[in-house]
Amino acid sequence: MTLIYPNIFSILFIMSKFLININGEHFDESSAKISVFDRGFLFGDSVYESTRTFNRHPFRLSLHIERLFASALKIQLNPTLSKEEIATQVLKTIEQSPHQDIFMRIILTRGNNSDLGLDPELSSANNLIIITKEISPNPEWWLSHGLSMIFYQKQNSPSGSLPKSGNYQENIMAHKAALSQKAYDAIMVNGQGFATEGTTSNIWIIKNGVVYTPPLIDGVLEGLTRKTIFEMPRVYPIQEKSLTRQDILEADECFITSTTRNLVPVTKVESTPIGNGKPGVNTLELLKSYLQFVGQKAVF
Ligand code: PLP
């Protein structure tokens with residue numbers, strides 16, 4: 001644990017695992033509380049972002065806040081805080097953190113209900129909650145061995161770019177199914193039989209030197225790692241393409257992406273080794289380029 005810029009708050013928070021900002025006030029995990037009438041708690045009526053810092057700078061903060069607002073629009077949640085107010089709170093929390101690099105979950109709920117009931121008018125002001133903890137490096141075995149995944153057939157298959165809402169029930173079911181089969185996670189499959197994404201990650205394959213990922217229309221969250229890979233200088237040709245289970249099983253390489261994990265090789269799906277069953281050399285090359293790219297461009 002590295003202590004940088006010590007101040008009274010970071011000294012107070014150094015002993016706790018989490019530093020949590022609730023509507024502008026900082027708490028540790030034992031004192032952070034929200035109302036039982038919060039609509040995020042009552043109905044999953046919230047949107048959120050997971051992100052991280054690189055060298056105390058937030059990764060693509062303005063894009064994360066844009067996506068938070070885009071998710072809010074998709075569930076008709078009218079933000080009562082501006083993008084600037086949210087950014088200010090995120091930056092304040094980073095400043096208060098005793099850690100060099102942190103994981104951050106930024107949650108915006110529709111607010112506290114004045115009564116039970118679904119009517120959004122029952123709440124007036126949003127709650128903004130920013131939960132942070134020190135980010136741990138990816139376990140070494142992720143790169144030396146790669147992950148194993150299963151397929152999970154989705155019951156609900158909305159199409160198009162998905163909101164990142166507080167309702168992750170289907171993803172939880174998929175993740176639970178994976179854990180019960182001793183896999184790392186599940187690749188979710190939509191009603192048309194196309195693989196969409198992991199439960200908290202985007203999915204990619206490499207076949208004959210071309211990198212493929214499913215298009216948003218298949219029902220995919222537009223991951224910011226995914227977006228960044230499309231924006232960075234091309235190491236390999238990259239295309240959006242609907243992927244069947246077979247495409248994945250017959251891929252030369254497979255990997256997942258997320259802001260907090262970067263790129264992680266997948267070496268087994270449903271007990272079938274992908275390619276030669278080892279982390280793909282092209283995947284590892286892409287990871288290297290990605291880390292170089294975000295290292296240079298972490299502040300934007
Ligand atoms: N897909 C889902 C369902 C997710 O929850 C996440 C991240 O939490 C991602 C994809 C990857 O998005 P990002 O690269 O922005 O972390």
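In each ligand, atom 1 is the first atom listed, and ligand 1 is the first ligand listed. Below, all heavy atoms of this structure are taken into account, side chains as well, without hydrogens, waters or symmetry copies. Index from 1, following the sequence.
Atoms of ligand 1 found under 4.0 Å from any heavy atom of Arg67 (numbered from 1 in listed order, with element): 12 (O), 15 (O). Heavy-atom contacts of Ser258 reach the following atoms of ligand 1: 14 (O), 16 (O) (cutoff under 4.0 Å). Atoms of ligand 1 lying under 4.0 Å from any heavy atom of Thr225, numbered from 1 in the order shown and given with element: 13 (P), 14 (O). The ligand atoms of ligand 1 that sit less than 4.0 angstrom from a heavy atom of Ser201 are 1 (N), 2 (C), 4 (C), 6 (C), 9 (C), 10 (C), 11 (C). Of all atoms in ligand 1, listed by their number and element, those nearer than 4.0 Å to a heavy atom of Thr259 are 13 (P), 14 (O), 15 (O), 16 (O). In summary, the atoms of ligand 1 found under 4.0 Å from a heavy atom of Glu197, numbered by their order in the structure, are 1 (N), 2 (C), 3 (C), 10 (C). Heavy-atom contacts of Gly223 reach the following atoms of ligand 1: 12 (O), 13 (P), 14 (O), 15 (O) (cutoff under 4.0 Å).
Contact annotation: for Leu162 versus ligand 1, there are no heavy atoms closer than 4.0 Å.
Residue, atom and distance of the protein heavy atom nearest to atom 11 (C) of ligand 1 are Asn202 OD1, 3.6 Å. The nearest protein atom to atom 5 (O) of ligand 1, hydrogens excluded, is given as Tyr168 OH, 2.7 Å; this is a heavy-atom distance. Among protein heavy atoms, atom 15 (O) of ligand 1 sits closest to Leu224 N, 2.7 Å.
Between Glu49 and the choices Leu68, Ile86, Val90, Ile107, the side chain to side chain contact (heavy atoms under 4.5 Å, CB included) rule is met once, by Leu68.
Taking every heavy atom of both residues into account, Leu221 and Asn202 meet most closely at O-ND2, 3.1 Å. The two residues Leu122 and Leu116 make their nearest non-hydrogen contact at CD1-O, 3.8 Å.
Here the OG-CD1 distance, from Ser31 to Ile20, works out to 7.5 Å after rounding to the nearest 0.5 Å.
Crowding of Phe37 atom CZ: a count of heavy atoms from other residues, nucleotides or ligands under 6.0 Å not exceeding 12. Annotation for Lys278: atom NZ does not count as buried by contact number, only 12 or fewer foreign heavy atoms lying within 6.0 Å.
The aromatic rings of Trp204 and Phe255 sit parallel, their planes meeting at an angle under 30°, below the 60° perpendicular limit.
Residues Tyr48 and Tyr168 bring their aromatic ring centres within 6.0 Å.
Judged by the shortest distance from any of its heavy atoms, Lys164 lies inside the 4.0 Å radius around the atoms of ligand 1.
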